[in-house]
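Heads up: numbering here begins at 1 and tracks the sequence.
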Amino acid sequence: MTGTPRTLAEELRTRTDRGLAGLLRARPDLLNPVPGDVTQLATRAGTRASVVRAVERLDRFVLQTAEALAVAPDPCPYDTLGALMAGDAGDPAVAAELPRAVAELRAQALVWGPDDRLRLVRTARELLSPSAAHPSPTGLGPTVAEAAAGMSPGRLQEILTAAGLPATHDPVTAVAALTGLFSDRARMAALLDTAPAESVTVLDKLLWGPPYGGVTDRPAPHLQWLLDRGLLIAAGARNVVLPREAALHLRAGRAHHTPEPVPPALSPAMERDPQLVDNAAASQAFTALATVEELLKEWDLGGPAVLRAGGMSVRDLKRTATALDTTEQLAAFWLELAYGAGLIASDGEADERFAATPAAEEWLQLPDHERWAQLVGGWLAATRTPGVVGTADAKGRALAALGPHLDRSPAPEVRRRALALLAGLPPGTSVPATAVLSRLRWERPLRGDAAAGQVPAPAAGRTPAAAPPSGSVGAAPAPADDLRSRLAQWTLAEAELLGVTGRGALSAHGRSLIDTTAEATAAPSPADTGAAATRAAALLAPLLPEPVDHVLLQADLTAVAPGPLHRPLAEALGVLADIESKGGATVYRFTPASVRRALDAGRSAAELQEFLTAHSRTPVPQPLAYLIDDVARKHGRLRIGAATAYVRCDDDALLSEIVADRRAAPLRLRRLAPTVLAAQTSPDQLLDGLRAMGYAPAAESAAGDVLIARADTHRTPPRTAPAPVPDGPPSPDPTLLTAAVRAIRAGDLAATAERKPVHAPAPASGSLPRTTSAETLATMQAAVLTHSALWIGYVNADGAASQRVIAPVRVEGGFVTAYDHTSDEVRTYPLHRITGVAELADDSV
């Protein structure tokens with residue numbers, strides 16, 4: 001196609017396949033469904049929903065360029081756009097970056113046309129142009145023509161006279177004359193030289209927006225001077241507006257107060273030894289694994305109940321935080337981390353509770369670095385955001401941990417981008433979180449959750465104050481606590497907790513999680529994320545501490561583990577003793593209750609003594625041996641079963657002692673035989689009651705056997721990890737892009753190919769050809785003999801109509817077999833579904 005394109009569709013037709021693929025990659029919503037031809041693609045690219053999504057993904061300077069085009073003449077020459085961005089004085093940085101911004105807008109089909117006639121697509125112009133309801137992010141107001149619309153011709157002539165311009169014969173020329181005055185730097189400067197100082201002060205306050213202000217019924221002389229010369233134009237009964245042309249003169253031609261052609265620097269940077277960073281990160285990664293393992297152990301017998309609305313209660317969250325020795329907000333993070341990895345879930349029972357899943361058992365058996373990879377892989381892709389736990393939803397209800405409504409779809413993109421920024425720094429280098437947030441806000445200035453609003457006009461009789469330039473579409477600037485900023489802050493904190501970063505710098509294994517060569521906006525597939533986590537785990541493995549197989553027993557009934565214990569040893573010791581303190585060396589304390597717990601699990605006193613002897617580098621202290629023997633001597637002398645419940649013991653004196661104890665009154669015991677007591681309470685309550693009195697009873701089955709209590713008795717049925725909620729359509733892969741471009745090209749060929757005239761009336765542009773059945777059959781048969789291509793209209797079994805270009809090969813039995821140029825394959829069509837046929841010009845295919 002030659003000449004200047006007249007529409008966006010015509011320009012898209014001139015693009016290469018690579019250019020179309022780039023557009024579809026940048027705006028994947030255009031692919032659902034795949035457009036039938038270029039005209040459909042251009043139409044869909046101009047819809048409001050698609051344009052809003054595209055504009056939201058522009059960086060600040062590209063967005064500022066689009067905002068400048070929205071207030072520029074349409075079409076706008078490149079030089080005019082450059083003057084709006086750089087001002088009369090010029091700006092080398094703006095001039096250097098402006099070609100990139102225009103190219104980006106072109107690539108995303110938001111701008112089309114040659115450099116001397118740049119056009120912002122209509123929907124984007126409507127979105128970014130200033131109006132009374134939605135002030136422009138530039139702070140500019142309407143043009144003179146827009147502001148003066150509806151003004152009486154007499155009033156226009158009065159303004160021309162006061163401004164020193166000759167009278168005209170109609171309002172159109174009057175507005176043109178006033179616009180020419182405001183756009184002429186020399187004449188405008190001369191007019192302002194005669195303005196009272198107070199008038200200039202008013203203009204300075206309106207200069208950078210909002211351009212609207214309020215006046216009284218009887219304006220002050222300095223305001224009346226501006227009104228008489230059109231420098232302020234009435235915008236209602238008591239409101240006035242500064243025309244765009246006048247504001248641009250006062251701004252020295254700049255559309256924005258502060259153009260930002262380059263992103264803010266990631267500074268100040270602090271350099272550390274990369275090895276120290278990796279070691280710190282590895283230490284924190286090990287702590288993260290221990291914390292999740294402790295959470296699973298805490299919920300071995302079943303976790304808290306599930307609220308009716310979903311999630312866990314505030315009280316249960318506090319209990320979990322106490323058990324993990326952390327804050328409630330951090331406890332919510334660990335809960336969501338385990339939930340996202342599929343390690344905990346609801347059991348689905350009638351009395352619904354949270355519990356560990358079967359996958360948790362498998363996870364616990366994996367090597368440490370593989371367990372870390374599973375946690376981090378789930379964290380990178382998760383859209384569930386624990387940082388919002390405790391805040392209110394749209395209906396004012398508090399959001400609960402593990403509950404619904406915690407998904408925030410931008411979270412994975414923000415995590416990847418924040419880590420990518422750290423990955424771009426030299427190894428061992430960290431920067432303040434504020435620097436990362438500033439860069440992210442520059443890259444996506446509109447992707448916050450600040451509510452769109454409008455700036456009201458000042459009260460009557462008061463001059464408006466200056467406002468800073470906005471930076472978002474019809475909204476106030478994104479505050480520091482918008483969603484993306486909070487997501488970035490949480491990302492940096494969570495990365496430190498997981499050992500992805502150490503001392504604020506990205507570790508070597510954390511760096512391998514991020515593919516810095518990929519596009520910042522391209523979301524990796526789950527397979528890519530898993531592969532990256534596996535590579536990172538391989539780098540982390542040598543940094544994790546080696547597990548030890550021994551402890552140091554001490555005379556004060558404690559044991560010190562000089563490092564992380566092998567899992568079987570840690571599990572066994574965790575049953576026999578209570579963890580007293582954690583850190584580089586874990587301290588375990590032996591108590592009567594902990595020893596009884598080991599006995600309840602089926603161990604004998606001799607087995608416990610043998611276990612300690614085998615795994616201690618120091619002899620078993622005498623106090624510990626006495627403690628084990630003393631508890632074992634009492635353990636199991638009392639037997640409890642279901643009667644409702646009963647207690648039996650060979651020592652009738654011991655039963656007499658229990659019956660006589662006042663603390664046994666709530667159990668409502670009575671003697672059935674010299675060695676049997678009956679209780680009006682459940683076996684579990686009876687068991688706990690007697691233990692609280694200092695006894696060591698054991699539960700027994702209906703057959704009289706001792707029941708062994710194990711810590712892994714409650715697990716949920718198999719559960720899958722929660723699926724992330726996508727932030728819009730997924731990024732298309734190369735295969736889909738290639739197929740989509742071919743389909744669009746083929747559909748465009750069918751829609752635009754030149755046809756030979758037929759006897760039937762020529763179809764309207766874009767409509768299906770119409771011929772009789774006899775004409776269709778005859779034309780098909782002739783095309784088979786001449787090997788020529790045809791243009792057909794076809795309606796499929798679902799009633800969807802389409803245009804196709806085919807080369808018929810065979811016609812028989814009511815079907816035509818042909819090579820379909822549209823789908824690039826041989827297909828067979830029923831003749832009765834072909835609406836009509838037309839021959840193509842010889843050079844059309």
Visitor: Judged by atom type as modelled, is there a donor-acceptor pair below 3.5 Å linking the side chain of T385 to the main-chain atoms of V388?
Guide: no
Visitor: Ignoring hydrogens and angles, tell me if any N or O in the side chain of E126 forms a donor-acceptor pair with the backbone of T123 under 3.5 Å.
Guide: no
Visitor: Consider only side-chain N and O atoms of R441 and S485, and report whether a donor and an acceptor are under 3.5 Å apart.
Guide: yes
Visitor: Checking R244 side chain against P142 main chain: does a donor-acceptor pair fall under 3.5 Å?
Guide: no
Visitor: Go through M188 and L231 one step at a time and tell me if the side chain to side chain contact (heavy atoms under 4.5 Å, CB included) criterion holds.
Guide: CA-CA 10 Å; M188 187 64 170; L231 292 170; 3.3 Å; yes
Visitor: Do Q64 side-chain atoms and E260 backbone N/O form a donor-acceptor pair below 3.5 Å?
Guide: yes
Visitor: Measure the CD-CG distance between Q108 and L23 for me, rounded to the nearest 0.5 Å.
Guide: 8.0 Å
Visitor: Any donor-acceptor pair under 3.5 Å linking the side chain of T179 with the backbone of V144?
Guide: no
Visitor: Under a 4.5 Å cut-off applied to non-hydrogen side-chain atoms, are S136 and L128 in contact?
Guide: no
Visitor: Answer yes if the side chains of R13 and T39 hold a donor-acceptor pair under 3.5 Å, and no otherwise.
Guide: yes
Visitor: Test your reading of the model: is there a side-chain donor-acceptor pair from R444 to the backbone of R57, 3.5 Å cut-off?
Guide: yes
Visitor: To the nearest 0.5 Å, what is the distance between CZ on R48 and CZ on R53?
Guide: 14.0 Å
Visitor: Tell me if the CZ atom of R100 is crowded by more than 12 foreign heavy atoms within 6.0 Å.
Guide: yes
Visitor: Between D116 and T4, does a side chain to side chain contact (heavy atoms under 4.5 Å, CB included) hold up when you go through it step by step?
Guide: CA-CA 10 Å; D116 60 340; T4 301; over 6 Å; no
Visitor: Compare all side-chain heavy atoms of S50 with those of L30 and state whether any distance is below 4.5 angstrom.
Guide: yes
Visitor: What's the spacing between R60 CZ and E67 CD if we round to 0.5 Å?
Guide: 9.0 Å
Visitor: Taking atom CZ of R415 and atom CH2 of W490, what is their separation to the nearest 0.5 Å?
Guide: 10.5 Å
Visitor: Quick one: are P729 and D29 in side-chain contact, heavy atoms under 4.5 Å?
Guide: yes
Visitor: Heavy-atom distance under 4.5 Å between the side chains of P263 and F61, does that happen here?
Guide: no
Visitor: Hey, what do you get for CG (L120) to CG (D74), rounding to the nearest 0.5 Å?
Guide: 8.0 Å
Visitor: Please determine whether the number of non-hydrogen atoms from other residues, nucleotides or ligands lying under 6.0 Å from atom CZ of R827 exceeds 12.
Guide: yes
